[in-house]
Every structure is written in structure tokens, then in C-alpha cells.
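Here is the structure we will look at, set down as C-alpha cells.
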Amino acid sequence: KYKNCDGYHILPESINQPPKLMKLPKIAIDNYQFTIMIFILLVIAGLTSYFTMPRTENPIIYMPGASVAVIYPGANPNDLEQLIAIPIEEAINELEDINNLETTIRDGFVNVAVEFVYGTDAKEKYNDVVDKVNDIKNRLPRDIYSIETIRWTSGDVNILQLALVSDSVEYYELEEAADKLKKDIEKVNGIRKVELFAYPEREIRVSLDIEKMAQMNISIDQVASAIRSNNANIPGGSLDLGSRNFTIKTSGSYDNPDEIKNTVISSYNGQLIYLKHVADVVFDYEDQDHMGRYMGQRSVFLVAGQKDAVNIFNIMEDVYPLIERHRKSLEPDIQLLTVFDQSEFVDERINGFLKNLF
């Protein structure tokens, strides 16, 4: 400040000017048509994003890491370490940018988990692990049941779990009903995969009468060889008839238990011996090592996962009618129940978000 001759306070011209930030509202008000257009475009962009963005419980995250899971039934931890864990660890350890390498071993099972440095390309590192595992497969035991390389991602979470429930219906009937629903749900756009769980596989069980076999001098190997050879599909070659050539197909696959019962396994005192003479052949189930139950009742479970960047509500709009249609077609003794529906939780969270936004 300073005083002039009249005693008035004179301020510098720059102080009398409004700050530059204060000019922005003035510009917006003076050009209100342009300002309104900008706000309308922002609102449209926001609404478009809201209605088109993928909806799921958690965002899809690809972490730089992978797990190698090996199932080798009957092997003890010491054998698993020497035959499987160490070769896989040595192969993976050749890769760059490893942050942590950890192995878990239990009876019949090995899991090797490798975590890479944050920021590396998750897809590239996963492909590197797959390549390393494929390179050493010929060094691993040949009788391994399965070996699988699993990519670390949050996208493998299932969005739907259904249960077909019944304590009176046979397992194979529950499986058939679940399989029909599975095939329909797999056709829905946005579904990644559908799997069935908690049911024993149906199989043909042959119960041999050892005493009768001993009397007729028939060994177990003879029975097994006869069944195996009669159930084999063997190429029959071709038949030339002048200018025509016909391909011959042979099919030895069994279609029902009666065909197995009538398999010739040997001869005794000039008579053909069929399998039914020395064994009982019936439909049965594989030995169960686990059982699924829901609400206290025996169940077969169906689970479904979604693809990346897909709106879960669009998927469920197509899935719900399929569930209702199959529910109405089931026998009275079978119930189709929903165990888990991720869309309900997503809807609840979106409603909470809108409430907070308003």
C-alpha cells in the first residue's frame, strides 16, 4: 500500500484483478451453452459406462504366478519329492524374475507354486512355466494320474452353484438330469465352463466265483483277457469288389451287461464257458471317497463360471429360464435348488453403490 497526496490508499493494479482461478466460473457462465453441452456429454459417458461395464463380484486380476499340481496316487512324500517336486523346481528355477518358489507335498499329491516379481507380464510368465513343465514331462514317472499347470487369476471363481437333491433316486438318474442342464447352460453366451461334482461314476462290476473258476481251470487273467479283447475296436481294413472299395468296420464295444455276460472265456468238457457261468455282472458305482450333501440330503452339484469382461446379469437372464424349465421337467423325487448365485451379491453391492452415490 501507499498514500497519494489526497491521503487515499492506492492498491497496485494486479491486486485489484481477480485470481486466475476465479475466471473459470466466469468463462463457464459467459459461455453457458458450451458448459451445458460438456455436462451433457459427461453424463452420457457416465451412463454409458455404467450400463456397459462388466459386472462381477470381484474385478478380473491376473497375478504373475502359476501352480503346477501333480496327482500320483500311492506315492509317499519322499518319492514325490525325488521323482516329481525336485525336477519341476529345478526346471522352473531357470526362469527370470522369480520372487518366491514354494512346494507342498502330501500323500499322492504335489503342488509347486511360483510367484514372479510384481509388474512382470502375467501371461508371458504363465506360458514360460507351461513350457518348462512340458520340457521335463518325459523325466517324470509315466504312471502319473494327472499334471496340470494353473494360472493365477481371480476369474476362475464360479458364479453359480446348483444342487440336484434326492435321497431316493439313483445316482445315475441325478447325473443324467444334471448333465442335460449342463449342456444347456454351456450354450449360454458368456459362460466359460460348467462342471458336475459329487457323484460316483457308473460302472459294470464283475464279481467272480473263484471256486467255480478253479474247478474249470480258468484264471483271472483269462477272464480279463477275454473281456478286453471282446471290447476292443479293431480296424477291419477294406474289401475290393471290382470297381468298388468298401471299408470294413469292426466294433467290439459292449452296449449292455447281457453282452458282457455272454462273453466266451474258455471251454470245459467240450462246452463253451460264458462269463455268466462263473461271475455275476451287474451295474454298480465306483468306490466313493466323498459324498455331496445339501440341506442334509444327498446331492449332485453343478457349478458354472463366466468369461472375462462379461456382465453377469446378462448371463443370468438367459440361465434363469433354463433352470426353471429343467426344474419343471424333473421327477417329483428330485429337487433342483440354488446353492449360490453370485448375481445376488453383485446386485446388492451395486444398489449400495447407487445409494451412496445419491
Side-chain angles (χ1 to χ4, degrees), residues 71 73-74 142-146 164 166-187 194-241 244-292 298-302 326 329-334:
I71 299 177
R142 294 186 177 181
D143 52 346
I144 286 176
Y145 179 76
S146 73
L164 282 95
S166 177
D167 277 333
S168 59
V169 173
E170 290 286 341
Y171 263 118
Y172 77 89
E173 296 180 72
L174 290 175
E175 179 197 352
E176 288 177 356
D179 190 59
K180 291 179 182 178
L181 179 57
K182 172 180 179 290
K183 290 177 180 178
D184 283 344
I185 294 179
E186 284 176 334
K187 299 175 185 177
V194 184
E195 296 179 286
L196 302 180
F197 292 100
Y199 67 92
E201 293 285 350
R202 205 178 187 198
E203 62 184 15
I204 296 291
R205 181 155 297 187
V206 180
S207 302
L208 299 175
D209 190 328
I210 302 299
E211 292 184 3
K212 284 186 178 180
M213 291 171 58
Q215 293 173 3
M216 300 177 186
N217 197 27
I218 300 173
S219 67
I220 295 177
D221 289 340
Q222 277 182 276
V223 176
S225 177
I227 295 175
R228 190 181 303 112
S229 60
N230 280 276
N231 196 41
N233 290 319
I234 303 172
S238 61
L239 179 65
D240 291 322
L241 294 176
R244 296 188 178 185
N245 182 279
F246 298 92
T247 300
I248 300 175
K249 292 184 178 181
T250 64
S251 177
S253 299
Y254 293 122
D255 292 325
N256 55 66
D258 289 334
E259 293 183 1
I260 302 175
K261 292 178 182 178
N262 293 318
T263 300
V264 177
I265 57 174
S266 184
S267 62
Y268 181 72
N269 292 337
Q271 299 290 327
L272 292 177
I273 304 301
Y274 296 95
L275 181 61
K276 62 185 177 182
H277 294 149
V278 295
D280 291 327
V281 181
V282 295
F283 270 121
D284 206 341
Y285 299 100
E286 65 180 354
D287 294 334
Q288 286 185 258
D289 54 8
H290 67 279
M291 180 181 289
R298 187 183 56 177
S299 304
V300 170
F301 294 112
L302 179 149
H326 280 269
S329 66
L330 293 174
E331 298 180 11
D333 293 338
I334 303 177

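As the structure is a computational prediction, the values presented were derived from the model and not from experiment. Numbers for residues simply follow the sequence, beginning at 1.
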Worksheet entry | Expected output: side-chain Thr263 to main-chain Leu275 donor-acceptor under 3.5 Å | no
Which value, rounded to the nearest 0.5 Å, describes the distance between [X] atom [atom1] and [Y] atom [atom2]?
{"X": "Leu164", "Y": "His326", "atom1": "CG", "atom2": "NE2", "value": "10.0 Å"}
{"X": "His277", "Y": "Gln271", "atom1": "NE2", "atom2": "CD", "value": "9.0 Å"}
{"X": "Leu302", "Y": "Leu181", "atom1": "CG", "atom2": "CG", "value": "5.5 Å"}
{"X": "Leu208", "Y": "Ile220", "atom1": "CG", "atom2": "CD1", "value": "6.0 Å"}
{"X": "Asp184", "Y": "Glu186", "atom1": "CG", "atom2": "CD", "value": "9.5 Å"}
{"X": "Ile334", "Y": "Ser168", "atom1": "CD1", "atom2": "OG", "value": "8.0 Å"}

Item to complete: Could you list all the salt bridge (charged side-chain N to carboxylate O under 4.0 Å, His left out) pairs where at least one residue sits in residues 170-180, not counting sequence neighbours?
Response: Asp179-Lys183
Nearest heavy atoms of [X] and [Y], plus distance in Å:
{"X": "Val169", "Y": "Glu331", "answer": "CG2-OE1, 4.4 Å"}
{"X": "Val264", "Y": "Ala226", "answer": "O-CB, 3.8 Å"}
{"X": "Tyr199", "Y": "Val300", "answer": "CB-CG2, 3.7 Å"}
{"X": "Tyr171", "Y": "Ala198", "answer": "CE2-O, 3.8 Å"}

Worksheet entry | Sole candidate of Met213, Gln215, Glu211 that passes side chain to side chain contact (heavy atoms under 4.5 Å, CB included) when paired with Val278 | Met213
Item to complete: Report yes if some heavy atom in the side chain of Phe301 is under 4.5 Å from a heavy atom in the side chain of Ser299; otherwise report no.
Response: yes
Item to complete: Tell me, yes or no, whether the heavy-atom count around Asp167 atom CG, taken from other residues, nucleotides or ligands under 6.0 Å, exceeds 12.
Response: yes
